[in-house]
Amino acid sequence: MERLGRLVLRGLPASEGVCRGRLFVLAPPRPLAVEPRPISEAEFAAEIQRFEEALLTTRQQLLEIQQRVSAGVGANDARIFDAQLLVLEDPFLHDEVLKQMRRDRVCIEYAFHDFAQRYFTTLSSVEDKYLSERAMDLRDVAERVLHNLLGQELPADLSHLHEPCIVVAYDLTPSRTATLDRRYVLGLATELGSLTSHTAILARSLRIPAVTGLTGALPQVRTGQFALLDGYEGLLIVEPTDQALFTYGQIERRQLALRGRLEQLRDEPAITLDAEHIILSANIETPAELPEVRQFGAEGVGLFRTEYLFLNRPAPPGEEEQYAAYREVAETLAPAPVIIRTLDLGGDKMPELAGDLTERNPFLGWRAIRICLQQPELFKAQLRAILRASAHGNVKLMYPMISSLDELLQANALLEECREELRANGRPFNPDLEVGAMIEIPSAAVMADVLARHAQFFSIGTNDLVQYTLAVDRLNPRIAQLFEPTHPAVLRLIRRTVEAAHAHGRWVGVCGEMAGEPVLAPLLIGLGADELSAAPARVPAVKFVIRRLKRAEAAELAAWALERDTGREILTRCRELAQHIAPSLFEVAPVAA
Ligand code: PEP
Ligand code: MG
């Protein structure tokens, strides 16, 4: 590999893309010197108070950063700070620190620092990706708490950059990454991190190349050196040769050309070669994401995850606040449709509302429509807000996590009560508002023929449908390889749902991550999906594939897949078809490896 440059470092390809520029090497944070200052019993109370205040300040700082990320990158990514907030609330950490302070009669910062370091060492010594990510969260939070306890500012962060560069760091903690100014960061290279690390997730959302796991890189590089970063192969090439510059120049050109081609499709419809229109929509979590819906060429919003309005706040938003948010989305996009999903709290989105009920299996517990039907006042405030917003645009409503007819009928009955209340109060709403159900629980897919009589459309949530069909926790990285959207059991449930819906004259969308995979879009279309809804940034590539697809090809693929025994062979065939019809989408890959 020497031919590529003076120094070639190999890590993990964390975010696709190639960039070139000067390096900015972020020195690893220097550990703070914390002395074991002895204290007397009389000082315990004051020390505990200092500790509580530092925790509170840290919490506020993290919430601020979370909001900034949510507005700048997206609420999905802001969720990574939930893990850090959980560290702050960890009762084990809290109790052990106080115990140590009392037992050793040392100042609280020493007790905290000492305990956090030992906790970090234990977590990071286990060979487990998930636990080492949690160790990073702990370290990031502990550093912040300690600076707050000592009344010191955190060391310089990425907001100090003034010209475009490739940032090299030992580790980019989420709160550091959150401070980066996208205009000045061409790429990210870190010694620590994995493919699922926060750096990787944020870099992918920001669409900048990233390489993680570059062990031992820092002492070998200097700020100001010229380098190439290859996020496809996971390479950092310092002082590249002319040959490498030429080769990578070609990749960058292909990358730019593809981006340009995808951008040109923005105002084009998602139609197949045989003129079949597939509705291509975007998933959003807050009104702040509305500009992206248009920017990436989606036709409307196929899933508005309203629960994000309810997170990280002490009390749920009232009807008026919700009405304002839904109305803004409806008005901005009118006449394009907006499918507003009612609350899907619980599972991985459990806010203060859950009180202190700890569930053993949150994904099988008090979640979504189950919470809403048990708390009709909370639910009805949302239903009224959505109905009222329907007077201002093309609004549709759907319920998440429907598992039986009974739930659907109960929800519809509450909606009818809301319509009557609004009529009585002279509040306008669209009387023909379409009401649908999400199909994301196997029982709902199996009973789709029955549900179709009481819902005007279905939207298949493959994230949960895969999770519940295969009994694979969608968040657990240890079993990520078992999370197979092309599993034949999943495909049969999707097909069954579509057939039942079409038999009743209902249309069907797919709004899980599967719909945003260009490789899988033909399969979903072949299975009969009328609409695909994906994260805004994923829309252009899906549109590109749709516009090169023949309906018959997709139908043939789906018919073939429904006869297969394993998800792997189906995925392979999906890849072959996508590469065959849209080779340029896959051609950007580098030549260096
Ligand atoms: C899904 O389950 O596929 C879905 C779209 O909903 P969420 O990811 O919000 O659970
Ligand atoms: Mg879901």
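Each ligand, and each atom within it, is numbered from 1 in the order the structure gives.
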Is it the side chain (CB and beyond), the backbone, both or neither of [X] that lies under 4.0 Å from ligand 1, heavy atoms counted?
| X | result |
| --- | --- |
| L465 | neither |
| R305 | side chain |
| E285 | neither |
| D344 | side chain |

Polar-atom distance check: D464 versus ligand 1, any N or O pair below 3.5 Å?
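Among all N and O atoms of D464, at least one is under 3.5 Å from an N or O of ligand 1.
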Of N463, L470, D464, which is the lone residue that meets side-chain contact (heavy atoms from CB on, under 4.5 Å) with Q467?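 The option that passes is D464.
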Taking the basic N atoms (NZ, or NE/NH1/NH2) and the acidic carboxylate oxygens, is any pair closer than 4.0 Å for [X] and [Y]?
| X | Y | answer |
| --- | --- | --- |
| E517 | R575 | no |
| R305 | D344 | no |
| E416 | R419 | yes |

Of the listed options (P485, C511, A534), which comes nearest to atom 5 (C) of ligand 1 when hydrogens are ignored and any heavy atom counts?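 Going through P485, C511, A534 one by one, C511 has the nearest heavy atom to atom 5 (C) of ligand 1.
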| Between W507 and Q456, does any side-chain donor sit less than 3.5 Å from a side-chain acceptor? |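 No, Q456 and W507 have no side-chain donor paired with an acceptor closer than 3.5 Å.
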May I ask you to list the atoms of ligand 1 that are less than 4.0 angstrom from any heavy atom of [X]?
| X | value |
| --- | --- |
| L303 | 5 (C) |
| E440 | 1 (C), 2 (O), 6 (O) |
| G461 | 1 (C), 2 (O), 3 (O) |

Check all N, O or S atoms of E440 and name the one closest to the Mg ion (ligand 2).
->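 Result: OE1.
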If you look at D464, which of its N/O/S atoms is nearest to the Mg ion (ligand 2)?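 Going by distance to the Mg ion (ligand 2), the closest N, O or S atom in D464 is OD2.
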Less than 4.0 Å is my threshold; does some heavy atom of R341 fall inside it relative to ligand 1?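 Flag set, R341 near ligand 1.
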Requested in this report: Would you please determine whether R367 falls within less than 4.0 Å of ligand 1 on a heavy-atom basis?
Outcome: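 Distance cut 4.0 Å: R367 passes for ligand 1.
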Inset, instruction - For the pair Y323 and H392, name the ring-plane relationship: parallel under 30°, tilted 30 to 60°, perpendicular over 60°. - result: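 Y323 vs H392 ring planes: tilted.
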Taking it one step at a time, do L493 and T469 satisfy side-chain contact (heavy atoms from CB on, under 4.5 Å)? CA-CA 9 Å; L493 288 177; T469 305; 3.5 Å; yes
> How close do V293 and G300 get, heavy atom to heavy atom, and via which atoms?
Replying inline: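 For V293 versus G300, the nearest heavy atoms are CG1-O, 3.8 Å.
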Ignoring hydrogens, what is the shortest heavy-atom contact between E531 and S281? Give both atom names and the distance.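 Closest approach of E531 to S281: OE2-OG, 2.8 Å.
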